[in-house]
Amino acid sequence: MDARLNLMTSPVGAKFFKYINSAGKVLTDSTVPHATQELVKLRASQINGCGFCTDMHTKDAEAAGESTQRLHLVAAWREATVFTEAERAALELVEQGTRIADAAGGVTDEAWTEASKHYDEEQLAALVGLIAMINLYNRLNVIVRQPAGDYRPGMFG
């Protein structure tokens with residue numbers, strides 16, 4: 001399968017990615033634990049059916065030392081005992097933030113309050129940005145049907 005459009009080689013696409021990747025680096029460099037960031041990106045990608053991002057974030061998490069057990073359980077995190085309370089709060093926030101069209105009112109006060117117990121204001125800002133950013137990447141890749149499976153950690157920088 002080939003992508004409908006190569007956004008990386010298109011002049012407009014390349015310029016666009018330059019800016020969103022710069023914004024993404026601000027979020028990656030935040031104090032939100034790297035493992036939590038990868039879990040958040042993986043869960044949103046699963047929900048959105050983005051094979052490319054699911055492949056990427058699974059491999060990036062593994063390369064950073066994440067266990068395969070935890071990665072296999074991300075889709076069923078509520079029933080899994082391998083996630084911390086902070087990670088569970090972040091996973092709830094990403095689910096509600098990704099599925100905003102499914103619930104009138106968007107993210108619940110309960111989900112926000114729980115996340116606020118584990119993350120300070122700067123970390124919450126980073127999580128909100130991270131959730132928005134991964135949803136953007138997911139939509140770009142799903143629209144162009146970006147194939148999955150060939151990603152290698154570090155291939156984009």
Side-chain angles (χ1 to χ4, degrees), residues 1 3-5 7 13 16-17 19-62 64 66-149 151 153 156:
M1 178 168 106
R4 292 173 168 162
L5 173 69
L7 288 170
F16 179 69
F17 273 108
Y19 290 108
I20 63 170
N21 289 340
S22 292
K25 180 152 177 37
V26 170
L27 305 171
T28 300
D29 291 346
S30 75
T31 61
V32 174
H34 186 70
T36 302
Q37 291 185 37
E38 290 302 329
L39 295 174
V40 163
K41 291 185 271 190
L42 177 56
R43 187 63 189 126
S45 299
Q46 291 170 335
I47 291 167
N48 289 323
C50 182
F52 183 82
C53 290
T54 298
D55 181 46
M56 173 189 280
H57 298 298
T58 300
K59 289 174 179 174
D60 282 349
E62 285 177 333
E66 186 60 77
S67 76
T68 54
Q69 178 191 30
R70 282 170 40 98
L71 293 174
H72 288 305
L73 290 170
V74 168
W77 65 268
R78 283 182 179 83
E79 293 79 25
T81 59
V82 298
F83 300 106
T84 67
E85 289 303 313
E87 289 168 338
R88 297 170 76 71
L91 288 165
E92 181 66 35
L93 193 63
V94 71
E95 283 200 5
Q96 289 190 26
T98 298
R99 293 183 164 141
I100 55 175
D102 297 343
V107 174
T108 64
D109 289 338
E110 293 79 13
W112 187 261
T113 299
E114 188 61 28
S116 298
K117 291 178 187 176
H118 303 282
Y119 301 100
D120 64 28
E121 192 171 291
E122 286 301 302
Q123 291 172 318
L124 286 168
L127 278 171
V128 169
L130 188 66
I131 292 165
M133 186 67 68
I134 191 58
N135 276 281
L136 168 65
Y137 280 116
N138 290 164
R139 279 153 178 75
L140 290 168
N141 287 316
V142 169
I143 290 167
V144 300
R145 291 190 181 159
Q146 187 65 38
Y151 176 79
F156 293 121

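Just so it is clear, the model here is predicted, and its values are computed rather than measured. Because only heavy atoms are used, hydrogens play no part in the values below, and waters and symmetry mates are left out as well, while side chains stay in.
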Applying salt bridge (Lys or Arg N to Asp or Glu O under 4.0 Å) as the test, list every pair that has at least one member in residues 116-130; sequence neighbours left out.
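Passing the test, one end in residues 116-130: Glu114-Lys117.
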Gln146: side-chain hydrogen bond (donor to acceptor under 3.5 Å, both in side chains) partners, not counting sequence neighbours
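Applying side-chain hydrogen bond (donor to acceptor under 3.5 Å, both in side chains) to Gln146 gives none.
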Report the C-alpha distance between Ile100 and Gln96 in whole Å, list the side-chain angles of each, state the deciding distance to 0.1 Å, and finish with yes or no for side chain to side chain contact (heavy atoms under 4.5 Å, CB included).
CA-CA 6 Å; Ile100 55 175; Gln96 289 190 26; over 6 Å; no
Begin from the C-alpha positions of Val128 and Trp112 and carry the test side chain to side chain contact (heavy atoms under 4.5 Å, CB included) through to its verdict.
CA-CA 11 Å; Val128 169; Trp112 187 261; 3.8 Å; yes
Taking only residues two or more places apart in sequence, or in another chain, which ones meet [X] in a side-chain contact (heavy atoms from CB on, under 4.5 Å)?
X: Glu79; answer: Ala76
X: Thr84; answer: Ala86, Glu87
X: Thr68; answer: Glu62, His72
X: Ala75; answer: Arg43, Gln46

Can a donor-acceptor pair be found, under 3.5 Å and without considering hydrogens, that links the side chain of [X] to the backbone of [Y]?
X: Arg88; Y: Arg78; value: yes
X: Asp55; Y: Gly51; value: no
X: Gln123; Y: Thr31; value: yes
X: Lys41; Y: Cys53; value: no

Mind checking whether Arg70 and Leu39 have side chains closer than 4.5 Å, heavy atoms only?
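Arg70 vs Leu39: side chains touch.
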Going by heavy atoms in the side chains, are Leu7 and Leu5 under 4.5 Å from each other?
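The answer is yes, as the side chains (C-beta and beyond) meet within the 4.5 Å cut-off.
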Less than 4.0 Å between a side-chain N and a carboxylate O, is that true for Glu95 and Arg99?
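Yes.
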Test Asn48 against every option in Asn138, Thr54, Thr98 by the side-chain hydrogen bond (donor to acceptor under 3.5 Å, both in side chains) rule and name the one that passes.
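Among the candidates, only Asn138 passes.
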Indicate the atoms forming the closest heavy-atom contact of [X] with [Y], along with that distance.
X: Glu92; Y: Ala111; answer: CG-CB, 4.0 Å
X: Ile131; Y: Asn135; answer: O-ND2, 2.7 Å
X: His118; Y: Ala89; answer: CD2-CB, 3.8 Å
X: Ala115; Y: Leu124; answer: CB-CD2, 3.9 Å
X: Ala126; Y: Val32; answer: CB-CG2, 3.9 Å
X: Ser30; Y: Gln37; answer: OG-NE2, 3.7 Å

In terms of the angle between their ring planes, are Phe52 and Tyr151 parallel, tilted or perpendicular, with boundaries placed at 30° and 60°?
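Perpendicular, since the angle between the ring planes exceeds 60°.
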Reported CG-to-OH distance for the pair Leu93 and Tyr119, which is rounded to 0.5 angstrom
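Taking CG in Leu93 and OH in Tyr119, the distance rounds to 9.0 Å.
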Could you tell me the separation between the CG atom of Leu91 and the CH2 atom of Trp77, rounded to the nearest 0.5 Å?
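Going from the CG atom of Leu91 to the CH2 atom of Trp77 covers 6.0 Å.
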Can you tell me which residue among Val40, Val74, Ile134 is in a side chain to side chain contact (heavy atoms under 4.5 Å, CB included) with His57?
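Per the side chain to side chain contact (heavy atoms under 4.5 Å, CB included) rule, the option paired with His57 is Ile134, out of Val40, Val74, Ile134.
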